Enquirer: 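Okay, here's the structure, questions in a sec.
All chains are named by letter (A, B, ...) in the order of the sequence lines, taking the proteins before the strands, and each is independently numbered beginning at 1. Computed from a predicted structure; not experimentally measured.
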Protein chains: 2
Amino acid sequence: MPGDTDHLSEIHLEIGSRLARQDHRYTTGRRHLVSVLAQAGQPMTLPDIVTADPDLAQSSVYRNLDVLVRSGVIRRISAGGDHTHFELAEPLLGHHHHLICISCGGIEDIHLDSEVEMLVDQSLTDIASRSGFTPIHHSLDLHGHCADC
Amino acid sequence: MPGDTDHLSEIHLEIGSRLARQDHRYTTGRRHLVSVLAQAGQPMTLPDIVTADPDLAQSSVYRNLDVLVRSGVIRRISAGGDHTHFELAEPLLGHHHHLICISCGGIEDIHLDSEVEMLVDQSLTDIASRSGFTPIHHSLDLHGHCADC
DNA sequence: CAATATTTGGGAATGAGTGTCATTCGCAAG
DNA sequence: CTTGCGAATGACACTCATTCCCAAATATTG
Ligand SMILES: [Mn+2]
Ligand SMILES: [Mn+2]
Ligand SMILES: [Zn+2]
Ligand SMILES: [Zn+2]
């Protein structure tokens, strides 16, 4: 896959500067964690992550996921299974949504037509303003059974 | 509020027959649980439920929520807070979506224009069929800060 | 009123996620 | 290249939402 290495370096650069801006260090452990998530290309649970890179310590991964979520670099996804899923945040991956398999718990990224996307966003903005609600982001998931289940 | 009593009886009737169909009993505890959820008019957590009706035993509420979810009468909502939320299922409440407050964890029901709703559903159906995914239902949430936070 | 199957509820157990703290690391200044 | 110091690490203890367990209570059938 040509281009992959470059893309990963770009991601590391971007994340490094975001962390620096908040007086956090971009350590080897954090870099490895980000690499695992970037290479997976789909949301991962903690077991997924430490399986992919067994050198990572569970407690450090949990702590670093938290740091990176608070830095806006990683996004937390609560899909209802035993484990929370994590993926790179939208500034890095772009806005998108998910197919969630209610059998195996797997999650896959999907992209809506921008026309539909804008309509949804407009509708939600209208509704929110009517309730005095301040919107931050929306989530749209399709729940069902994946091809394997 | 005229009509409320009737509406609640209808709900109990409907749920009773659904449970009977699956060889479950509609006991007093289950009836009380359903009444609490029906009267709240918004998704509730377990603490919300046992606070609203302190006669309900925690372990029984958890068990009955599970039975009722499996019977298609109650819907489980994983919003990312400490506690899972529960509400009456869509056959009883109608299809709708949620405003989720990331400060206090509160959830409020919202309804989209049916035009937008149909577009979203069509888009998701198309995407799903392309991946061999079998859709069951979608969820669309707006995350942000509620009027109180 | 049995006989039988389901449900209840108090408390124990489970396990995902968080907190602790002594040790290690990363960075900047000299 | 050292040294100094705040940030980060990782093994392990701990928390607490949820599930499990099982003897007692309750509903259903006849
Ligand atoms: Mn969207
Ligand atoms: Mn919808
Ligand atoms: Zn699956
Ligand atoms: Zn709020």
Enquirer: What is the separation between atom CG on L19(A) and atom P on dG6(D), rounded to the nearest whole Å?
Expert: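 Checked: the CG to P distance equals 21 Å.
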Enquirer: Round to the nearest Å and state the distance from D66(A) atom CG to dA16(C) atom P.
Expert: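 Result: 18 Å.
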Enquirer: Going by the angle between their ring planes, with limits at 30° and 60°, are H111(B) and H96(B) parallel, tilted or perpendicular?
Expert: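 Ring orientation, 0 to 90° scale: tilted.
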Enquirer: Expressed as a whole number of angstroms, how long is the span from L65(B):CG to dT8(C):P?
Expert: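 Distance check: L65(B) CG to dT8(C) P gives 12 Å.
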Enquirer: Taking D113(A) for its side chain and E115(A) for its backbone only, find out whether a donor-acceptor pair lies under 3.5 Å.
Expert: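 No, D113(A) side chain to E115(A) backbone: no donor-acceptor pair under 3.5 Å.
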Enquirer: Classify S60(B) by what it touches in the nucleic acid, base, sugar-phosphate, or nothing, heavy-atom distance under 4.0 Å.
Expert: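 Base contact.
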Enquirer: Would you say a side-chain N or O of H83(B) is under 4.0 Å from OP1 or OP2 of dT18(D)?
Expert: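 Yes, such a contact exists.
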Enquirer: Which sits closer to the 5' end of DNA chain D, Q58(A) or T28(B), going by the nucleotide each is nearest to?
Expert: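 This one resolves to Q58(A).
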Enquirer: So Y26(B) and H12(B), would you call those rings parallel, tilted or perpendicular, with 30° and 60° as cut-offs?
Expert: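 Tilted, since the angle between the ring planes falls between 30° and 60°.
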Enquirer: Starting at atom CG of L56(B), determine the distance to atom C1' of dG9(C), rounded to an integer number of angstrom.
Expert: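 It works out to 12 Å between those atoms.
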Enquirer: To the nearest Å, how far apart are D23(B) CG and dT4(C) P?
Expert: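 Rounded to the whole Å, the gap is 19 Å.
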Enquirer: For T27(B) and dA25(D), is the shortest distance between a side-chain N/O and OP1 or OP2 below 4.0 Å?
Expert: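 Answer no for this pair, as no side-chain N or O of T27(B) is under 4.0 Å from OP1 or OP2.
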Enquirer: Indicate the ring-plane relationship of H137(B) and H143(A), choosing parallel, tilted or perpendicular according to the 30° and 60° boundaries.
Expert: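 H137(B) vs H143(A) ring planes: parallel.
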Enquirer: Which atom names give the shortest non-hydrogen contact between L142(A) and L124(B), and what distance separates them?
Expert: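 Scanning both residues completely, I find the closest heavy atoms to be CD2-O, 3.7 Å.
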Enquirer: Among the candidates dT18(D), dG17(C), dC25(C), find the nucleotide nearest to the side-chain atoms of Y62(B).
Expert: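 So the nucleotide nearest the side chain must be dT18(D).
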Enquirer: Please state how far atom NE2 in H24(A) lies from atom P in dT9(D), giving the value in whole angstrom units.
Expert: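 Atom-to-atom, H24(A) to dT9(D), this comes out as 11 Å.
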Enquirer: Hey, which sits more toward the 5' end of DNA chain D by its nearest nucleotide, D55(A) or P47(B)?
Expert: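 Comparing both residues, the 5'-ward one is D55(A).
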Enquirer: Give the rounded distance in Å between these two atoms: CZ of R63(A) and P of dT9(D).
Expert: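 After rounding, the gap between these two atoms is 6 Å.
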Enquirer: Measuring to OP1 and OP2 of dT28(D), would you say a side-chain N or O of R25(B) lies under 4.0 angstrom away?
Expert: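 No, outside the criterion.
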Enquirer: Distance check needed: dA8(D) C1' versus R31(A) CZ, whole Å only.
Expert: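 Nearest whole value for this atom pair: 14 Å.
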Enquirer: Just checking N64(A): base, sugar-phosphate only, or nothing, at a heavy-atom cut-off of under 4.0 Å?
Expert: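 If one applies the 4.0 Å heavy-atom cut-off, N64(A) turns out to touch the sugar-phosphate alone, with no base involved.
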Enquirer: At 4.0 Å (heavy atoms only), tell me whether R30(A) reaches a base, stays on the sugar-phosphate, or touches nothing.
Expert: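 The residue R30(A) makes sugar-phosphate contact but no base contact.
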Enquirer: Looking only at N and O atoms, is any donor in the side chain of S59(B) or the base of dG10(C) less than 3.5 Å from an acceptor on the other one?
Expert: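 When only heavy-atom distances are counted, S59(B) does reach the base of dG10(C) through a donor-acceptor pair under 3.5 Å.
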Enquirer: Using a 4.0 Å heavy-atom cut-off across all strands, classify D82(A) as base, sugar-phosphate, or nothing.
Expert: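 Result for D82(A) = sugar-phosphate.
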Enquirer: When you check the phosphate oxygens OP1 and OP2 of dA17(D), does a side-chain N or O of T84(B) lie under 4.0 Å from one of them?
Expert: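 Negative; the distance criterion is not met.
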